[in-house]
Amino acid sequence: MALFQGKKFLFLPNCRSSTLSFLSQLIRSNDGTVICDVEELDKQMITLINKSFIDKDQKLTNKELFLKEFEMDPDIVWSFILHERPACVEANCISEWLKIGKITLPPEFNVLIDEEDTTTGFHVINEHAGQSNKEASDRESSMESQSDTDIGSETSHKDSHESPFVQAASREESLDNPISETVANADLVDEENVSKNETLIKAFGRLARRYEIKGDQYRSKGYKLAKIGIERYPHEILSGEQARRDIASVGPGIAKKIQIILDTGSLPGLDESFDLEKKLNYFTQCHDVGIYSAKRWNLLGLQSFADVLKKFPEVFIRDWPILFGWSYYEDWLMKMCRDECDEILNVVRTTLKRVDPACSAELQGSYVRGAQECGDLDILFHKKGCDNTTELGRIMEKLALALYDQGYVECFLQLSPKIRQVFGSRIRERVRKCKLKIPSQEEYPPAVADLKKYFLGFKLKSEFKPRYLETSADKLIKLETDDRFMSLSSSSHPCRRVDFFCCKYSELGAARIQWTGPKEFNRWIRIKAVQKGMKLTQHGLYRGENILLESFDDKRIFELLGEEYVGPEDRNRMIKKRQKQS
DNA sequence: GCCG
DNA sequence: CAGTACG
DNA sequence: CGGCCGATACTG
């Protein structure tokens with residue numbers, strides 16, 4: 001008890017995120033002080049850094065945003081830290097200390113800032129400094145809050161009563177969901193407990209997939225949400241009833257199945273059509289191949305894209321983007337580290353400056369949610385005062401073409417007339433590559449002139465060496481031998497998916513909500529809107545038929561929906577149902 | 001499948 | 001229109 | 001029981 005008595009703590013950049021406000025409550029419950037005013041700054045204090053700003057080398061990242069997010073005057077606070085060098089650790093250490101019952105700072109505990117550079121960042125130390133990256137990241141996710149006996153759970157329950165956002169683990173698993181992400185500030189998870197839920201997670205992932213294939217999208221969704229709920233649940237599940245009580249989206253049906261799995265170790269019939277799922281999965285992992293095509297092909301006994309090519313050559317002429325999905329099949333399943341995202345954004349912004357210096361490019365998607373590995377890059381374009389989407393569309397087109405000229409853009413997945421003009425030859429090259437006859441007079445329908453989105457294949461120059469996290473490096477889905485001949489993938493110089501979106505300046509807030517995601521969060525908040533007689537889209541929040549309530553200010557949209565604002569990094573923690581009280 |  | 005894609 | 005995201009956006 002009173003572990004933190006007499007100790008002062010400073011949260012940086014602030015303690016507004018749900019995780020950090022939770023931790024600050026833990027500090028106060030243990031007689032510690034949380035500094036809220038520059039007057040209280042103290043050289044003896046322990047500085048707690050939001051983990052979203054610490055990369056896996058334990059360095060500060062995204063310093064610009066970091067400083068911008070300060071609750072107190074950033075100048076004063078930052079110069080104090082540079083000058084006094086208080087101990088700095090990642091915020092999650094709090095839960096670790098409470099678990100082990102003491103505060104452990106590494107011997108060289110105030111080595112924090114590489115003073116010669118305040119721009120590229122400084123080292124943040126924690127107990128695991130010096131361990132290998134793998135070990136460090138394993139331990140990161142294993143940091144635990146309280147076991148459910150003490151202050152921790154009280155506060156957490158009180159919280160969750162008022163908020164649909166649960167202070168729980170964010171731990172997206174990559175087995176069944178290729179779009180999963182590991183989030184920087186994943187914390188408060190007991191790896192040991194959670195790993196025992198793995199069987200359940202896998203089972204419901206499979207069931208979700210099975211029903212998706214069957215065409216029962218809603219039953220599939222039921223399983224998917226339950227799976228997400230279990231992934232985020234920070235304790236070991238001991239009974240179906242416990243899960244039904246505590247976890248959103250676990251109802252009678254899933255509770256029953258949980259109990260069966262706990263009792264017998266597996267679910268009858270679970271492995272039945274596993275082979276079919278694998279086959280369909282192989283096809284649908286290709287861009288532009290959905291569940292209908294995959295099912296159709298599978299039904300006809302086709303095993304590979306080469307088989308499809310023999311049977312339905314027209315498909316690859318008509319749905320030409322599949323050719324690129326096929327060619328970059330393996331590359332596009334590989335995730336990239338944040339530094340590669342930064343580099344791509346850098347290239348895009350540099351070119352954009354020449355195209356239209358007044359236009360802004362802003363990263364969205366899993367990157368802004370703090371994911372350490374991103375499956376693709378989502379870039380939102382907007383321009384102060386510009387509500388003309390035709391103009392924005394033209395800017396994006398010009399930008400994409402300029403990047404194509406420079407050799408960054410490898411392929412386009414949509415065509416404007418101009419893009420078809422320059423890119424058509426590459427399409428024909430792919431068509432020839434799979435030994436198809438090029439239609440002599442291709443009578444294309446009139447391509448749309450001002451597209452609002454561009455999906456691109458993008459390659460950095462080969463000097464850039466991509467890094468991969470250990471976790472994703474293994475068990476990749478690879479192209480079948482028969483299909484390899486079309487591959488353009490290269491793990492040492494991979495092609496990436498980059499998506500361009502644009503929005504009217506007046507719709508910036510609504511667009512940010514849309515493109516920040518994640519998908520489940522969007523669906524959840526849109527349902528909220530409908531329940532309150534409103535409608536939320538990427539264009540804005542509306543009441544009734546067509547009354548615009550708000551589209552520019554995302555915080556105001558939350559407010560109008562009666563929801564507390566939640567930052568991007570916490571939108572992974574979304575959960576549909578309040579945690580039930582016991 | 002779950003939820004209201 | 002259906003199919004696929006985006007968060 | 002009926003609804004389950006989007007006045008999505010793009011393609012053929």
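Below, read A as the first sequence line, B as the second, and so on, with proteins coming before strands; counting in each chain starts at 1. Computed from a predicted model, the values in this text were never measured in an experiment.
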For F412(A), check ring-ring contact (aromatic ring centres under 6.0 Å, His included) against everything at least two apart and list the hits. Y404(A), F423(A)

The dot-bracket string of DNA chain D, counting Watson-Crick and G-U wobble pairs with both distances under 3.5 Å, using [ ] for crossing pairs and | for pairs to another strand, is ||||||.|||||

ring-ring contact (aromatic ring centres under 6.0 Å, His included) partners for F552(A), two or more places apart: Y505(A)

Separation of dG12(D) atom P from E314(A) atom CD, nearest Å, is 14 Å

By ring-ring contact (aromatic ring centres under 6.0 Å, His included) - contacts of F316(A) (at least two apart): W326(A)

Regarding P321(A), tell me which of base, sugar-phosphate or nothing describes its non-hydrogen contacts under 4.0 Å with the strands shown. nothing

Is the NZ atom of K418(A) crowded by more than 12 outside heavy atoms at less than 6.0 Å? no

Please identify each residue that fulfils side chain to side chain contact (heavy atoms under 4.5 Å, CB included) with D376(A), with sequence neighbours left out. D378(A), R497(A), D499(A)

Could you list by number each residue of residues 494-502 of chain A showing a heavy-atom separation from DNA chain C of less than 4.0 Å, or answer none if no residue does? R497(A), D499(A)

Residues that Y542(A) engages under ring-ring contact (aromatic ring centres under 6.0 Å, His included), provided they are two or more places apart: none

Going by side chain to side chain contact (heavy atoms under 4.5 Å, CB included), name the residues that satisfy it together with K433(A), two or more places apart in sequence or in a different chain. E429(A), R430(A), M486(A)

So F455(A), base contact, sugar-phosphate only, or nothing? Heavy-atom distance under 4.0 Å. sugar-phosphate

Could you check whether T516(A) gets within reach of a base, just the sugar-phosphate, or nothing at all, counting any heavy atom under 4.0 Å? sugar-phosphate

Residues two or more places apart in sequence or in another chain: which of them pass side chain to side chain contact (heavy atoms under 4.5 Å, CB included) with D271(A)? R206(A)

Within the 4.0 Å heavy-atom criterion, would you say Q514(A) contacts the bases, only the backbone, or no part of the nucleic acid? base

Partners meeting side chain to side chain contact (heavy atoms under 4.5 Å, CB included) with T389(A) (sequence neighbours left out): K452(A), K504(A)

With S220(A) via side-chain hydrogen bond (donor to acceptor under 3.5 Å, both in side chains) - residues at least two apart: none

From dG7(C), dC10(D), dG6(D), pick the nucleotide closest to the side chain of K519(A)? dG7(C)

Which residues, if any, of residues 291-303 of chain A bring a heavy atom under 4.0 Å of DNA chain C? I291(A), Y292(A), S293(A)

